[in-house]
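Since the structure comes first, as structure tokens, the remarks are kept for the end.
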Amino acid sequence: MKIPRNGSTLLLMGLVVLICSCATGPKVQRMGADSTVDVSGRWNDADSRMVAEEMIQDCLERPWVDNFRAAHGQKVPAVVVGSVKNRSSEHINVQTFIKNLERALLNSGRVRFVASKGEREEIREERLDMAHHASEETMKGPGQEYGADFMLIGTINSIRDEVKGTAVMYYQVNLELVSLENNVKSWIGEKQIKKLITRPSFSW
Amino acid sequence: MHIQRALPIGLICFFVLAVAACAPMVQYYPQMNELMVHQDYDAALELHRKHKLNFGKRNEVLYYLDEGLLAHFAGRYAESNESFTTAERLMEDLYTRSISQAAASFLINDNTMAYRGEDFESALVNMFMALNYVGLGQWEDALVEARKVDSKLTTFNVQYPAGKKNVYKEDAFIRFIMGILYESAGEENDAFISFRQSEQIYRQDYRANYGVSAPEMVIEKLIESAKSMGFSSELGQIRNAYPAVSRRKPPHIGNSAEVYLLDYNGRGAEKVERFFFIPMPDRYVLKFAYPEFEKRPFSVAGCRIDLKNTQTGQQYTTRTVLAEDLSSIAQLNLKNRIGRIQAKAVARVTAKYLLAKEAEKKALRDGDKDLAKIIRFTFQTYMIAFENADVRHWRLLPAQIQVARAVIPAGDYQGVIQLLDNKGNSLGTRPLASFSIQENEKKLIPFRTME
């Protein structure tokens with residue numbers, strides 16, 4: 001079949017080729033780590049940061065550290081991070097704000113942190129390995145671990161209410177410091193986040 | 001001259017339309033099914049991944065749904081969750097309908113629109129993900145999926161008010177599975193609510209619409225849960241409603257463990273095209289096409305599972321019962337909105353026909369008989385070739401899910417699955433992967449039967 005080479009045909013074919021080939025690579029734009037960008041409405045870095053800021057400020061302002069030091073001859077309290085249960089309807093990485101909180105409290109010099117359960121197991125394994133392979137002068141023996149005074153535990157809860165493209169998402173994060181000596185709760189921190197998520201019904 | 005000018009343009013338009021109106025090319029599915037019959041899910045998954053490009057952007061949800069399900073069958077739970085997470089996000093994004101695609105669907109056919117999944121498919125994604133997390137031992141994440149599906153089902157309920165002709169808005173089986181997950185995590189109240197909802201949906205919806213009654217284990221769990229919560233009035237109501245189950249000795253003894261065996265049975269219903277032609281007085285022929293679900297036959301009516309405690313030698317036997325008739329759900333779901341699909345098809349075909357007639361008339365008015373002939377031929381071909389039903393669906397779903405429950409002491413177990421036909425005759429046996437179970441632990445073990 002002979003296709004005539006007139007202008008309009010070529011133009012149309014060119015347009016088809018152009019449309020088919022206009023896939024682009026990813027576009028990257030760098031931004032400040034503290035900027036807030038909500039993309040999907042799900043839990044994101046901004047939520048994690050907000051929780052950390054609220055918890056750090058609240059935890060450092062409350063009198064539990066001073067109370068403990070007064071009762072224990074100015075000893076700096078040691079805290080271990082326990083479980084923070086995710087009871088929400090999203091897969092949330094709790095480590096992001098827990099690590100922020102840990103860092104801020106530790107750097108304040110008012111609190112010590114001992115390694116968590118998982119971390120301790122790894123360290124103990126290393127100590128066992130040391131017993132076989134390290135020199136006597138440098139190896140670390142068992143029974144020298146620092147016992148924690150408090151355990152940090154918590155929960156994340158969420159409620160989602162949605163109808164036809166509009167959803168209200170409510171998160172509540174609770175963190176508690178429980179005395180390992182007598183189970184007394186010494187501090188309870190709470191942060192609520194509420195978001196209205198709307199999805200357009202139509203787009204081009 | 002007119003013919004020379006029109007022909008290449010017509011060919012290009014034809015080509016563009018053909019590309020735009022295509023459903024995914026699934027010619028390799030029979031080969032994939034064959035591999036699945038032989039339980040070679042890894043090979044089936046590999047084959048599916050090789051054909052990713054067949055799906056294109058508009059059908060990528062379908063690609064990820066099948067990829068996730070194949071990985072689930074293969075026991076590759078982390079990979080399965082990756083695929084299902086992608087499918088779920090795409091489905092959410094597709095809540096926003098594309099006006100351009102919708103317009104194209106009026107000009108060409110419904111295949112021009114991106115496939116965004118049925119409501120029941122969307123809920124099943126979270127159920128499979130929950131089971132994947134259970135398989136990975138990540139119970140907290142499994143519960144996240146339980147809450148997600150809870151929220152989804154609640155949204156469906158609000159979306160379709162009571163009294164509106166039946167649509168899928170609740171899922172008795174998923175509620176039951178969620179109850180088990182909540183119970184495992186010690187969330188007794190949530191577990192009770194899930195079991196109660198499950199029983200209600202079986203009674204009010206499933207029995208009438210799909211002929212599926214609440215399996216006895218649902219009632220047993222509801223009774224156990226009401227007892228553990230101390231809900232005496234609810235307990236009384238359940239006992240009155242199900243006296244036979246209530247009279248029986250409860251299966252839960254001391255610190256026994258529980259095993260739930262989920263049989264994904266048969267091949268799910270297939271969406272096929274139905275069409276008819278209407279000859280018009282002016283010799284145009286109009287084609288009307290619409291989709292319909294066709295159930296596929298399968299021989300396994302149920303399974304008997306024999307479990308042997310390798311330490312004590314004690315044998316335990318349990319049988320599967322029908323808990324979810326996915327083919328019937330798919331069929332009824334489509335049936336309830338077929339009126340809208342057909343009305344749209346009628347509007348589309350009529351519009352194409354009127355457009356063709358008008359263009360042909362104009363050419364004749366201009367005295368160009370050749371062009372009029374081309375217009376008639378092109379439009380007629382276009383109307384026949386592109387008036388296709390949208391037969392896209394989650395192809396690898398099983399026809400039904402059957403469940404068996406065994407309350408057994410803690411220990412190490414080996415098992416054999418015996419496949420049975422509807423007369424109780426054996427169709428063959430299959431070993432069950434050996435497992436260990438602790439006191440008070442719950443295990444959910446899925447397997448696939450396609451015979």
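Just so it is clear: chains get the letters A, B, ... in the order the sequence lines come, proteins before strands, and each one is counted from 1. Quick caveat: nothing in here was measured; it's all calculated off a predicted structure.
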Honestly, the part of B:Glu187 sitting under 4.5 Å from a heavy atom of chain A is side chain

Would you call B:Glu140 and A:Lys85 a salt bridge, using N to O less than 4.0 angstrom?
no

For the residue pair B:Phe55 and B:Tyr63, does the interplanar ring angle fall in the parallel (under 30°), tilted (30 to 60°) or perpendicular (over 60°) class?
perpendicular

Using the ring of each side chain (for Trp, its six-membered ring), is B:Phe195 parallel, tilted or perpendicular to B:Phe176, with breaks at 30° and 60°?
tilted

Let me know if A:Arg87 has heavy atoms under 4.5 Å from chain B in its side chain, its backbone, both or neither.
both

So, the part of B:Tyr182 with a heavy atom under 4.5 Å from chain A: the answer is neither

Pairing residues for B:Asp190 by the side-chain hydrogen bond (donor to acceptor under 3.5 Å, both in side chains) criterion, not counting sequence neighbours
none

What part of A:Glu90 gets closer than 4.5 Å to chain B, counting heavy atoms only: side chain, backbone, both or neither?
backbone

